[in-house]
Protein chains: 2
Amino acid sequence: MIIAKEISKVKENVREWKKQGLSIGLVPTMGYLHEGHASLIKKAREENDRVIVSDFVNPIQFGPKEDLATYPRDFDADCRLCESIGADLIFNPEPCEMYEDDFHSYVGVNTLSEGLCGKSRPIHFNGVCTVVTKLFNITEADRAYFGQKDAQQLAIVRRMVRDLNYNIQIVGCPIIREADGLAKSSRNTYLSENERQKATILHKALEQGEKMVRDGETDANKIVKTVRDIIESEPLAKVDYVEIVDWNELQKVDKIDGPILMAVAVYIGKVRLIDNFIVENSIVIEMV
Amino acid sequence: MIIAKEISKVKENVREWKKQGLSIGLVPTMGYLHEGHASLIKKAREENDRVIVSDFVNPIQFGPKEDLATYPRDFDADCRLCESIGADLIFNPEPCEMYEDDFHSYVGVNTLSEGLCGKSRPIHFNGVCTVVTKLFNITEADRAYFGQKDAQQLAIVRRMVRDLNYNIQIVGCPIIREADGLAKSSRNTYLSENERQKATILHKALEQGEKMVRDGETDANKIVKTVRDIIESEPLAKVDYVEIVDWNELQKVDKIDGPILMAVAVYIGKVRLIDNFIVENSIVIEMV
């Protein structure tokens, strides 16, 4: 497996692979890889001749009060995981390699970035779109793999690719969970043992919400209230948001009559966790 | 020559050309082509196996009070010119082909977009960067050709390409002028006969400014005043800006000690014209 710290080294390899007519799959990550990332890398491995994993804690997607400095890192472990799955190249640049002092460019997606996590993280998705654009251009990937865990990010990147005519296919992959239902996340490492136990409340609440949708409930506010009540029954949990939005423009809906995303962001102690489910075929269609 | 109205048709041809290992040059234009555009297309013709000219009046780079509706168009004449130079494909999409109803993405460059034309046209360069990004992705061009007439645009597109790691070379081409010095522009067609004569004042003033720089004057404000005074000696002329900025970050300079852009925007009657010169090697270096 090639370890590349420089953009030019990635581009060199990509040029060679392209010359040979090989397809390239990209898995963009912030490192500290877990089974969620592993599932993306495996999928990329199945579908492409060459697999690039980027491993970069992207500073411009963190707000000034967020956890950039403390975000967990373990590059050696990341390399072992990538190598074991058969990735061909891991790209681990320094921030100054990605952002020169006079870096001024930005990419973003309006509307979809404004609600959900965008409300409390106003610069986040601009930072994501900008780094993802860079990674697309550096790797010239044919496919890029994103987890549904970050559902808003997935929707935004898909829209960006469609709007700006990128020649890349965005592959969304299902949420990978711990045995007790907690969605895998690098940030789970911040949780104390007690918080870790209580954090399962997100998934429990969402399971109930998803059951309601599948049972035919179309009153979004009723489902939101149920899910919120379940989460708030846990004293350690503080809701940032609980929302049902349409799975296209990510705008709040009152009535469910098409594909929807139900998403939650919850503080367990000081740790902010997110989880969600997507129902692509609304009950209206399913009942036919 | 292929005439393409659909993005998919361009992409089809590009895919075929890429498969054959051919290089592609792109000349992005808003149509109503004149000798300035022709010089770009000729240069692209010399340097690439295939040449694409885009011919699209990009609505999102016009402000609400600007001349989108009246911007001159003559697609048949454009086709004849492109064909005569040997362009391989002209891309002439409808606005709805480029921007779907739920289009939300944007690309931009801070700092460089804020001064000069950016001051009176606050959304302009965001619109330019967004459409240029689309054109780069649609055409997968190896080189793209921009006139120095729009010097700020050239600087911004170059920075965007560097910052976002586009695999494309930006080729800047010299300003093409009428016999009496007026910079060629599609907007010159708006000028009355009298205004057309008086419009030469921009070039006359800039010639004097450039002479001062080359003669060793390093006081930017003195040069700016001289150029402004010459322009304002013409009663029909109303200055939007006269500025000297550094040719990297496009920030105002008081003292010339490196590459600079001197740029002017002037209303002749109701018609806004721009012109400029760039001195890449400052006098300090030239005197060695």
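Numbers restart at 1 for each chain; the letters A, B, ... are given by sequence-line order, proteins then strands. We use all heavy atoms of the structure for the numbers below, so side chains are in, but hydrogens, waters and symmetry mates are not.
When the heavy atoms of residues 8-30 of chain A are compared with those of chain B, the residues falling under 4.5 Å are A:K11, listed by number. Scanning residues 140-151 of chain A against chain B with a 4.5 Å non-hydrogen threshold yields A:E140, sorted by number.
Proximity of A:E249 to B:H104: side-chain heavy atoms (C-beta onward) are separated by under 4.5 Å at one or more points. The shortest distance between side-chain heavy atoms of A:R159 and B:D102 falls below 4.5 Å. Proximity of B:T133 to A:Y166: side-chain heavy atoms (C-beta onward) are separated by under 4.5 Å at one or more points. Residues A:Y106 and B:V107 are not in side-chain contact: their nearest non-hydrogen atoms beyond the backbone lie 4.5 Å or more apart.
Taking CZ of A:R162 as the start and OG of B:S105 as the end, the distance is 7.5 Å to the nearest 0.5 Å. Between the CZ atom of B:F103 and the CG atom of A:N110 there is a distance of 9.5 Å, given to the nearest 0.5 Å.
Proximity to chain A involves both the backbone and the side chain of B:T130, based on heavy atoms less than 4.5 angstrom apart. With a 4.5 Å cut-off on non-hydrogen atoms, B:L164 touches chain A through its backbone and its side chain both.
In terms of heavy-atom proximity, A:N137 sits nearest to B:N165 at CB-O, 3.1 Å.
For A:K5, the NZ atom counts as densely surrounded, since its 6.0 Å shell holds more than 12 non-hydrogen atoms of other residues, nucleotides or ligands.
Top candidate by heavy-atom pairs under 4.5 Å with chain A, chosen from B:V131, B:I138, B:N167, is B:N167.
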